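Worksheet: the structure to be examined is printed underneath.
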Amino acid sequence: MKRSEMVGALEGRDDAGLFDRADAVRRACCGETVFVRGIVEFSNCCVRDCLYCGLRRSNRRVRRYRMEHGEIVATARAVVAAGVRTVVLQSGDDLRYGRERLCRIVRDIKALDPAPAVTLSVGERPDDDYRALRDAGADRYLLRHETANEELYGELHPGQSLARRMRILELLRTLGYQVGCGFMVGLPGQTFERLAEDLLFLREFQPDMAGIGPFIPQSDTPLSRAAPGDTELTLRALALARIVTRDAHLPATTALATRDRAHGYSRGLRAGCNVVMFDATPGRYSRRYRIYDGKVASSLEEVRAGIARSGRTASGARGDSLKNACSGQGREARGGTASAAPP
Ligand code: SAH
């Protein structure tokens, strides 16, 4: 698919054709299973100042919290007890959880019986931390690239660079993580052309997973008055992501469900998605994890019901990377390792 075709598809030139094609690729490469993951948002403290995010350090209006070791592990234990075998640990870039402290959390979660897959989504840290966390047993790492356009990236992330983000993604892969990147749709200043750059990056990088959701303004950020990302456009981006990655795990995101409460998940699942996350964070913290306004906190039951209504099969299995499972398109074609693929 050429860049100009991507732009045309993003503009909505042939939605029916696009969604059908994405659904067919999803069926062929991922099957009917929808993997359910449990996310624990263990800290809303952050050293970064991303313009769109409610956790940014300049936001004085958010009540900050940090979950204790025992509480995080107990929450993960509840996820496992509910039959879900992937625990996603997410936070702001909170360096107060030092290397050893985070490693102990990962080790204790990996010691649960049965041991879940552990996905980290804790942002940018010293390189040695990624190494140590992998050694401690972390299986996957989610680090959205946010936008593949360097200029836009620079405007939205004071003191950060797209080059560093990309370098970390490469490092994570080298370390043997199953790696997730991803981006927001409808960021102020984002054009169809720029969105096409995100899809070209996905095609080139071939992540094991990608998180893609609409931008949603947060009232205590500099972008509070910006327009939110369009649901249709997000669905088109998801469909294109499915087509260019073929077998990457693509969650129907919480942000998508926030924009379209009644149908967000099911529309995502029809546009190429094969993963849904539920919010396992204890309610008193979850309320304060306001990365954007109105963020829904879907329970496991709600997520399971949504998947069933879509006519698909929910699974709490680990759902490791499917890269290589789809002929000719996987990691082998790029000369990488096959270690992440399930038997
Ligand atoms: N500190 C971690 C986790 C960030 S929160 C990291 O940097 O990776 C997870 C994701 O939420 C971000 O990567 C971003 O893509 C998304 N996000 C943040 N603010 C948002 C907003 N206002 N609207 C939509 N998505 C947002």
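As the structure is a prediction and not an experimental result, all values here were calculated from the model. When a ligand or atom number is given, it counts from 1 through the structure's own listing order.
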Residue pairs involving residues 21-34 (criterion side-chain hydrogen bond (donor to acceptor under 3.5 Å, both in side chains); sequence neighbours excluded): Asp23-Arg26, Asp23-Arg27, Arg26-Glu32
is_close_aromatic(Phe215, Tyr52), centroid dist under 6.0 Å: no
Val179 side chain near Arg140 side chain, heavy-atom distance below 4.5 Å: no
Phe42 ring center within less than 6.0 Å of His69 ring center: no
His157 side chain to Glu146 backbone, donor-acceptor under 3.5 Å: no
What does the N/O contact table under 3.5 Å look like for ligand 1?
unit_1: ligand 1; atom_1: 1 (N); unit_2: Ser91; atom_2: O; d: 3.0
unit_1: ligand 1; atom_1: 1 (N); unit_2: Asp93; atom_2: OD1; d: 2.7
unit_1: ligand 1; atom_1: 7 (O); unit_2: Asp93; atom_2: OD1; d: 3.4
unit_1: ligand 1; atom_1: 7 (O); unit_2: Arg165; atom_2: NH2; d: 3.3
unit_1: ligand 1; atom_1: 8 (O); unit_2: Arg165; atom_2: NH2; d: 3.4
unit_1: ligand 1; atom_1: 13 (O); unit_2: Glu146; atom_2: OE1; d: 3.4
unit_1: ligand 1; atom_1: 13 (O); unit_2: Glu146; atom_2: OE2; d: 2.6
unit_1: ligand 1; atom_1: 15 (O); unit_2: Arg144; atom_2: NH1; d: 2.9
unit_1: ligand 1; atom_1: 15 (O); unit_2: Glu146; atom_2: OE1; d: 2.6
unit_1: ligand 1; atom_1: 22 (N); unit_2: Tyr52; atom_2: O; d: 2.9
unit_1: ligand 1; atom_1: 22 (N); unit_2: Ile216; atom_2: O; d: 2.7
unit_1: ligand 1; atom_1: 23 (N); unit_2: Ile216; atom_2: N; d: 2.9
unit_1: ligand 1; atom_1: 23 (N); unit_2: Ile216; atom_2: O; d: 3.3

Ser286 vs Asp279, side-chain hydrogen bond (donor to acceptor under 3.5 Å, both in side chains): CA-CA, chis, key distance, verdict: CA-CA 8 Å; Ser286 180; Asp279 191 355; 2.7 Å; yes
